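First comes the structure, then the notes that go with it.
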Amino acid sequence: MNKNFATSLALILAITLAGCDSNTATPTSAEQSSQTATATTEVQTVQQPPLIERTVLFGNPTRFQGRLSPDAEQMSFRAPLDGVMNLWVGDRGDFSSIRAITSDKGRGIPAHFWALDSKH
């Protein structure tokens with residue numbers, strides 16, 4: 001076992017050393033400081049993008065989860081009513097006929113679906 005271990009270790013060492021190139025020049029301290037200064041200058045010239053407001057990411061959408069009734073005569077969606085998501089219904093394509101059919105003041109309506117009779 002010791003002979004096999006020594007052979008394996010020698011083989012690993014030989015492969016590792018073969019990957020080393022003795023002709024590779026190491027940069028001088030002047031070259032290193034020049035490279036660092038260039039990298040620092042490049043970083044300083046990059047401008048950060050503007051931050052996205054939290055309300056855009058985490059706030060209520062203006063309208064959400066739009067659906068048509070099975071007979072395609074009415075539309076429904078969720079939208080805020082006094083800051084809480086509620087359910088709105090109206091005639092298809094006519095936003096002036098839209099009215100809130102719920103008035104939840106707590107956590108809001110999480111989802112909605114039409115019944116097959118197109119009335120509920």
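Keep in mind the model is a prediction, meaning the values are calculated, not measured.
- In this structure a side-chain-to-backbone donor-acceptor pair under 3.5 Å is missing from Asp104 to Asn86.
- Classified by interplanar angle (parallel below 30°, tilted 30° to 60°, perpendicular above 60°), the ring pair Trp88/Phe77 is parallel.
- In this structure Leu68 satisfies the side chain to side chain contact (heavy atoms under 4.5 Å, CB included) test together with Met75, Arg92, sequence neighbours excluded.
- At distances below 3.5 Å, not a single donor-acceptor pair connects side-chain atoms of Ser118 with backbone N or O atoms of Ser69.
- Every pair passing salt bridge (charged side-chain N to carboxylate O under 4.0 Å, His left out) that includes a residue from residues 69-82 is listed here, sequence neighbours excluded: Asp82-Lys105.
- The two residues Thr102 and Leu87 make their nearest non-hydrogen contact at OG1-N, 2.8 Å.
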Report all side-chain donor-acceptor pairs from residues 107-116 shorter than 3.5 Å, counting only partners two or more places apart or in another chain.
unit_1	atom_1	unit_2	atom_2	d
His112	ND1	Gln65	OE1	3.2
His112	NE2	Ser76	OG	2.8
Trp114	NE1	Ser76	OG	2.9

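- In terms of the side chain to side chain contact (heavy atoms under 4.5 Å, CB included) criterion, residue partners of Asp94 (sequence neighbours excluded) are, by chain and number, Asp91, Ser96, Ser97.
- Checked against side chain to side chain contact (heavy atoms under 4.5 Å, CB included), Gln48 has no partners two or more places apart in sequence or in another chain.
- Other residues sharing the hydrophobic cluster of Phe64, ordered by chain and number and joined by side-chain separations under 4.5 Å: Met85.
- Contact detail for Gly106 and Val84: the closest heavy-atom pair is O-CG1, 3.6 Å.
- Around the CD1 atom of Ile52, the shell of radius 6.0 Å holds no more than 12 heavy atoms that belong to other residues, nucleotides or ligands.
- Here salt bridge (charged side-chain N to carboxylate O under 4.0 Å, His left out) pairs that include residues 51-63, with residues two or more places apart or in two chains, number zero.
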